Structure formats: C-alpha cells, structure tokens
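See structure below.
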Amino acid sequence: MRWGRCGPRRHRLQARPSMKSELQALLREALGTLGLATDAPAPADARLPRPTLERTRDPAHGDFASNAALVLARSAGLRPRDLAERLLAALPASPLVTRVEIAGPGFINFHLSPTAYHQVVPIILQQGPAFGRSRIGAGQRVQVEFVSANPTGPLHVGHGRGAAYGAVVADLLAAVGYDVHREYYVNDAGRQMDILAASVWLRYLELCGEELPFPSNGYRGDYVWDIAAALHREHGDAYRVERAVVFAGVPADAGGDRPDGDQEAHIDGLVANAKQLLGDNRYRLVFELGLNTILDDIRDDLAQFGLTYEEWYSERTLSERGAVHRAIERLRTAGHVYERDGALWFRSSAFGDEKDRVVVRENGQSTYFASDIAYHMDKLERGFARVIDIWGADHHGYVPRVKAALTALGDDASRLDVLLVQFAVLYRGGEKVQMSTRSGDFVTLRQLRQEVGRDAARFFYVMRRCEQHLDFDLDLAKSQSADNPVYYIQYAHARVCSVLRQAADKGLALDLAPDRGQLERLTEAQENNLLRTLSRYSEVIETAALGHEPHQVATYLRDLANDFHTYYNAHQFLVTDTDLRDARIKLILAVRQVLRNGLDLLGVSAPERM
RNA sequence: GCCCUCGUAGCUCAGUCGGAUAGAGCAGCCGCCUCCUAAGCGGCAGGUCACAGGUUCGAAUCCUGUCGAGGGCACCA
C-alpha cells in the first residue's frame, strides 16, 4: 500500500480507519520534518524499494516495524541507524505508542499501548456491519465481469469457482469504497448458439418420431431434451421436417463408422438447413427458446449461489447497435487491419500479441474476438476507471490480443485487469471425479450446491489463491468437523451466540455501554491475541480488495476463529466479577461482529446455533 | 517448438512492496470435558522454500538458466 498523497494533517485518534494508518501518519510526519518527502512520484528506477510499515512477526520486535531508515538511508546520505535516530527524534508523540526503538540494521519498531488495542472493541461494536469498510476507493467506478459462460448449457463446477471468486472480489472492492458494477456478458450470438438451436431442433424431431443420428458436435445434455420437449408440447409437429430433408446436402459427420468425415462441416450444414427449412420466424423461436430457458436457469442458479449482477450484457445487442462494426472501422481508420485470404485481420502482433488475428471471416461473419474488442471498447467508453475481467485460466492466451486491441484503439489497456482462475478438481473418497464436457458428463454447479451446500461451496472456492489449482474435497466440504474450515469458523460464531443465550438464561445483567473502562481488565494472553487479530481486520480487507485476493479473508477468519476457540477453552466468560465479565462479553461480541462481516463478504452464512 | 501460470513439511496450502528465527490445517504421537456446545483446546515431531547462478545491507519473494506439473498456441466461443 502506498502511503497516500494527503498532505500533513493533524492526526485524530478516532478518525483513522486503523491503527496502522495512524502509525503511517506519524511516520510520514517525521519524514516530512526531515525533508524526506514520501509523496514524490516513484523514482525512475522502480526497483528501488519504498518505505513500508508492517506488522511484526516476532512480538519482541514490537507491534509494527518500518524499514524506512534502511530504504531511505542512501538517498539521505546517512547510515541506516543514524537516519533511524533522527526519525525517532522527529516522531510526534501519540497515545497509541508506548515505545519506539531502533533494532537490527535499522528497523524502527513501534510498541503499542494496551489502550490502543482495547479501543478497537468499542469501534467494532459501534460500527457494526460497517467495521472494516473504508473509502479508499473514493467512489471510483469499477466494472467486474465474471462467469459469462455461454448460455449453451447449465453452469458446471468449473464456472462455480469464477462465480464465487468474482462475487467476492466485487464485494471486497465495494467494501473499500469503489462503485462496483457487476456484469455478465451473455454470448447470445454466434455459432455455438446456432449449434444449440440445431441440437434442440434435432431432439425435437426425435420426439416427433424421426430416427436420426445425433451430430457428434451437437449438445447432448439432458437439458436439451427438456427444451425440445417444451417445444413439442407447445407446438406439436409444426416444426417437423423429414429426416432425409434435414440431412440433405450435409457433409458427413466424423467419428464412429465415418472417421473420414468432418464434424465442423457437418454441424454447420445442419445449422444452415435448420435456418432454411424452418424459415426466419420459426428458427428464431427455437433459438430463443433454447437461449432463454438456459439463461433463466443460469440466472436462477447464480441467484441461489448468492450472486447478483447489475447488468446482463447481451453480445447480440452489442452488434445490433453497430458497436462491432464501429470498433472494426476505428481499427481500420487507425491503419491496424488488412485483408488476407479473403478475411480481415487485426495487426495485433504490432501490439505485443504472438500473431495477427482475424476479425471478419472469409464468409463475412465477424469473429467472437471482434465482438470482444467492441465490448471492451464499450466498457472503457462507459467511463469505468478500472475494468476487471475474470476468466478461466484456459483463456490466458487471449489476454494479449484484447489488450492489443485496446492499445490499437488508442485506449489505455492498463485500465483492464484480467484475473485468471485456475480449474477446480473435485475429489470424492480420495478419488478424482472425472468430468468431460464433450459427453455432457460434468457435475453442475447446482449439483455441487445440493451436495455440499452453498456455504461450503462458496468458502472452498475462494480459500486458495486464484492462480493456484484447487483441490475441492467433497467429503471434507460436507463433513461437520473441525477439519472443515467452514464449520470451524461458523462454530466460533455460534459459540458466541450460545454464551449470550447462557447469560440471558442465567438472568445476568450485562452492561455493554461502549466506554466504561472495563476493557482495561482484558490482560490475558489469549485476550491480547484476540485483540491483535481483531485490529488486523481492516488491513486484511484492504489488501484483499486491492490485491483481488479473497483467500486472505478466508485465511484471516480461520485465524480469528482459532484465537477465539483457544480463548474459549482457556477462560470462562460468565464470571462473577461483573466488570471483567462485561469486558469479556464485549470482546466476544466484537469477535462475533467481525466473523459476521467477514463471512458476509465471502457469501457464507453466520448461524446462531449449530 | 513458442508463450503463460505454478513448484514451500508425508498431504492441502498461507507467507503483505524484498525484511529480522519460513507458518497453519490435515495425517502421526502425547495430553485436556464435575466447567458458557469436545463441531473445541494444548503439546511433540516434521523444511536444502524444485535445482544452479545473479542483483544487495538483506531473497521463499526480484532477474537469468535448468528440471518438473498444468494450461494455451483457430477464419471456435
């Protein structure tokens, strides 16, 4: 995290979002006093490290440590420890800090007062669900596009990870003050959709009693039968065409007894025949029926997974509005396209791509890539400060060409971040669950939710870094044991609720007013650990949001739950000493609040009893 | 072949912008319920951070190369 650009400002204890930013302000002031501006733009040599303030790993080094003296010694013309001395002298006093010392090669270690930690409890209780949220995004508009699976079939478990990851990235950005626009790009045009329409029609013909060979490249899932059955129910035989006519002039399929055939030409021939035999209106109806049925299913599926979108963006309307044409013309005007072999090519190799790419095919149809150029152009034209795409890792080769297109259009490609999510592999009984999209034999997201539940699914999907392959252990996700991190964390929450129920049952009068001084009674090691962990929450949310790293929240919550369970086992909360009891109840109420806030960000519920 | 990502304890993974003695969980071993939920807690053991160089006060982290795993290299989307 950079140190911010705000000028020297009187520090006010409560105004800072976290104790870390409070200390940063102190340090910045000291640096300013010595004329070592940290607000200057980064030096040309970006490899020069910048001063940082970090949590220490070893308590002997205090609570926070800064490497400022080490990093700035050279430019200041001083030895690190000498510079550290001067910084120490220039450091303003603060009630948070009890002691500052120089250690090792020139680290500056800050020891914080117990009060600094105690005050985090009333802050959490006052801010409630808002605790951990901040305004560092300053209302900047950010677009997050995720899932965007083709509406040619139900979502499967591979899409689930992108869905969970994208949802949390978006929510995190919103939590730190960005104006987030969540979007699903609907590929409702193009060849794959035509293949779906043809697949539906062929299954319909089978329901009508026609016997026909199903194309090897058609969509074979059961859902295609369902859509075909709906068509047949509503329209009887009105769309029926004899088998011989359907296959007239269609090149042979490949596979099975015809290894010499051509799958692609075969399915394209069937699509062409379907369009011609059905005519515009009837073809359109079949097409729309397939699209809408599947899209409705996807919407419903994602809603039940806890995902909401601000917008479902149609590829078809994009091209109908002329955006694709306009994008290509802009590239043409800028001199970045050329014709070869009857097709129109974008010279993406001039902008860092491996090779040039076709935007208009020989048959006159624009490519999916052309739509994507138009779509990304449109995103930037809509005025988003940042645009985030979340794609499956198998699309990584696609990143350079999209960025190339934006650069060629004269846009700033650095406004686009593409986050690549690796695949999730399911394990059941220690065995890898085999899946194959080809045969339609895949586990759907809905099935996964039904098997392990929404909470476990959401949590497991985001508990690893996105570029890490995910081993999704179904048995673990279902197990109601401490091994299961979801239950472990939720159990901590339920335990706090349980203690409060006990207090109520015993008729104990709790004084939970914010500032009564009882918090000074929290002196046990477990209490100090808990306070330290609670005070980290805002920092975790900030780094998780800015780094697009939901797993940090998952890891943090596990730590917090662990600290709580340790405390629970070591000390009784409902003691007879009322001040101590009130202090402990306030502390665990703060724990409960932070658990809730964190789980909420992950889309996981916080049950009151288990 | 070229490109991208990854390689940390037996297994699954954290490790902040390069920071001080590399951390969790599981599995293993030893303990802890007359007590707010044992769906819990404590302890022990476990490491050449794939390998080799380089950069510097300092490298698991940055650079180069090698090896290994996954993915990508369409007038498909």
Side-chain angles (χ1 to χ4, degrees), chain A residues 1-2 47 49-52 54-58 60-61 65 67 70-71 73-74 79-80 103-107 109 149-150 152 187 189-193 195 217 264 315 340-345 354-355 357-363 365-369 371-372 392-400 420 422-423 427 463-465 467-471 473 476 479-485 487-488 490-492 494-503 505-506 539-540 543-544 547 549 551-552 554-556 558-559 561-562 564-575 588 609-610:
Chain A
M1 182 60 208
R2 223 168 316 161
R47 294 175 62 183
R50 272 185 292 218
T52 61
E54 291 174 343
R55 295 261 174 185
T56 58
R57 247 177 243 164
D58 185 344
H61 299 141
N67 62 356
L70 291 164
V71 170
R74 181 171 299 176
R79 282 182 305 197
F107 288 105
N109 292 340
N150 285 350
T152 53
N187 297 128
R191 181 165 172 264
Q192 293 305 319
M193 289 309 298
I195 293 175
N217 255 11
E264 307 296 340
E315 177 188 359
R340 199 218 309 163
D341 304 332
L344 191 68
W345 296 70
E354 292 175 355
K355 50 173 284 194
R357 310 288 174 177
V358 171
V359 285
V360 181
R361 290 198 284 261
E362 194 176 0
N363 65 12
Q365 285 197 324
S366 58
T367 58
Y368 173 84
F369 177 45
S371 292
D372 232 0
D394 54 333
H395 284 65
H396 71 76
Y398 202 73
V399 178
L420 300 170
Q422 286 288 347
F423 299 123
Y427 286 83
M463 71 182 177
R464 304 291 180 226
R465 282 162 51 221
E467 54 273 294
Q468 196 75 246
H469 295 262
L470 176 68
D471 288 341
D473 185 335
L476 179 61
S479 83
Q480 305 204 349
S481 75
D483 306 354
N484 183 342
Y487 279 90
Y488 184 83
Q490 289 180 321
Y491 181 46
R495 262 187 157 173
V496 177
C497 296
S498 174
V499 171
L500 293 172
R501 283 193 296 271
Q502 286 287 329
D505 289 349
K506 290 180 181 173
E539 297 159 32
V540 170
T543 55
E549 296 180 326
H551 76 275
Q552 291 206 28
T555 304
Y556 170 85
R558 218 259 158 216
D559 287 347
N562 182 26
F564 172 76
H565 288 308
T566 300
Y567 183 35
Y568 183 97
N569 270 54
H571 299 286
Q572 191 82 13
F573 306 148
L574 302 176
V575 291
I588 66 170
R609 57 178 86 223
M610 294 171 72

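Bear in mind that the values here come from a model prediction, so they are computed numbers and not experimental data. All chains are named by letter (A, B, ...) in the order of the sequence lines, taking the proteins before the strands, and each is independently numbered beginning at 1.
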Could you check how far [atom1] of [X] sits from [atom2] of [N], rounded to whole Å?
X       : N       : atom1 : atom2 : result
Y368(A) : rA74(B) : OH    : P     : 17 Å
E539(A) : rU16(B) : CD    : P     : 14 Å
Y487(A) : rA38(B) : OH    : P     : 18 Å
Q192(A) : rA77(B) : CD    : C1'   : 5 Å
K355(A) : rA74(B) : NZ    : C1'   : 7 Å
H571(A) : rG42(B) : NE2   : P     : 12 Å
N569(A) : rC41(B) : CG    : C1'   : 4 Å
Y568(A) : rA39(B) : OH    : P     : 10 Å

Using a heavy-atom cut-off of under 4.0 Å over every strand shown, decide if [X] touches base, sugar-phosphate, or nothing.
X       : value
Q572(A) : base
L70(A)  : base
Q468(A) : sugar-phosphate
E54(A)  : sugar-phosphate
S498(A) : base

**OP:** For G190(A) and for Y567(A), find the nucleotide of RNA chain B with the closest heavy atom, then tell me which residue's nucleotide is more 5'.
**Re:** Y567(A)

Original post:
Hey, which of these two, A494(A) or D341(A), hits RNA chain B nearer its 5' end, going by closest nucleotide?
Top reply: A494(A)

What integer number of Å spans the [atom1] atoms of [N] and [M]?
N       : M       : atom1 : value
rC29(B) : rG10(B) : C1'   : 15 Å
rA59(B) : rU21(B) : C1'   : 16 Å
rC49(B) : rC30(B) : P     : 31 Å
rU12(B) : rG1(B)  : P     : 28 Å
rA69(B) : rA74(B) : C1'   : 26 Å
rC63(B) : rG19(B) : P     : 15 Å
rA20(B) : rG15(B) : C1'   : 15 Å
rA45(B) : rC26(B) : C1'   : 15 Å

side-chain hydrogen bond (donor to acceptor under 3.5 Å, both in side chains) involving [X] - partner list, sequence neighbours excluded:
X       : answer
R495(A) : Y491(A), H565(A)
Q552(A) : T543(A), E549(A)
S498(A) : none
H396(A) : none

Identify all pairs in which a protein N or O lies below 3.5 Å from an N or O of nucleotides 69-71 of chain B, and state each distance.
unit_1: rG71(B); atom_1: N2; unit_2: H396(A); atom_2: NE2; d: 2.8
unit_1: rG71(B); atom_1: N3; unit_2: H396(A); atom_2: NE2; d: 3.0

Original post:
Considering only side-chain heavy atoms of N67(A), which listed nucleotide, rC3(B), rC36(B), rG19(B), is closest?
Top reply: rG19(B)

Subject >> Minimum-distance nucleotide to E467(A) side chain [options: rU5(B), rA14(B), rC73(B)] >> reply: rU5(B)

Can you list everything that forms a side-chain contact (heavy atoms from CB on, under 4.5 Å) with [X]? Sequence neighbours excluded, please.
X       : result
K355(A) : R357(A)
R609(A) : R501(A)
D473(A) : D475(A), L476(A)

Subject >> Side-chain heavy-atom pair Q365(A), R191(A) within 4.5 angstrom cut-off >> reply: no

**OP:** Find out whether F107(A) and N67(A) are in side-chain contact, i.e. whether some heavy atom of one side chain is under 4.5 Å from a heavy atom of the other.
**Re:** yes

Subject >> Least distance between heavy atoms, V499(A) atom then I588(A) atom >> reply: CG1-CD1, 3.9 Å

**OP:** Provide the closest heavy-atom pair for F564(A) versus A492(A) in the form atom of the first, atom of the second, distance.
**Re:** CE2-O, 3.6 Å

Subject >> Set of salt bridge (Lys or Arg N to Asp or Glu O under 4.0 Å) partners for D559(A), sequence neighbours left out >> reply: R536(A)

Subject >> Donor-acceptor pair, side chain of T56(A) and main chain of A65(A), under 3.5 angstrom >> reply: no

Original post:
Taking syn as any angle within 90 degrees of 0 and anti as the rest, which one fits rC33(B)?
Top reply: syn

Original post:
What pairs with F369(A) under ring-ring contact (aromatic ring centres under 6.0 Å, His included), at least two apart in sequence or on another chain?
Top reply: Y398(A)

Contact under 4.0 Å: [X] side-chain N or O vs [N] OP1/OP2:
X       : N       : result
T52(A)  : rG19(B) : no
Y488(A) : rC41(B) : yes
H565(A) : rG42(B) : no

Write out a two-atom table: protein N or O, nucleotide N or O from nucleotides 20-26 of chain B, distance below 3.5 Å.
unit_1: rA20(B); atom_1: OP2; unit_2: R57(A); atom_2: NH1; d: 3.1
unit_1: rA20(B); atom_1: N6; unit_2: N109(A); atom_2: OD1; d: 2.7
unit_1: rA20(B); atom_1: N1; unit_2: N109(A); atom_2: ND2; d: 3.4
unit_1: rA20(B); atom_1: N3; unit_2: H61(A); atom_2: NE2; d: 3.4
unit_1: rU21(B); atom_1: O4; unit_2: D58(A); atom_2: OD2; d: 3.1

Original post:
Pairing of RNA chain B as dot-bracket, 5' to 3': ( ) intra-strand, [ ] crossing, | other strand, . unpaired, with Watson-Crick or G-U pairs under 3.5 Å?
Top reply: (((((((..((((.....[...)))).(((((.......))))).....(((((..]....))))))))))))....

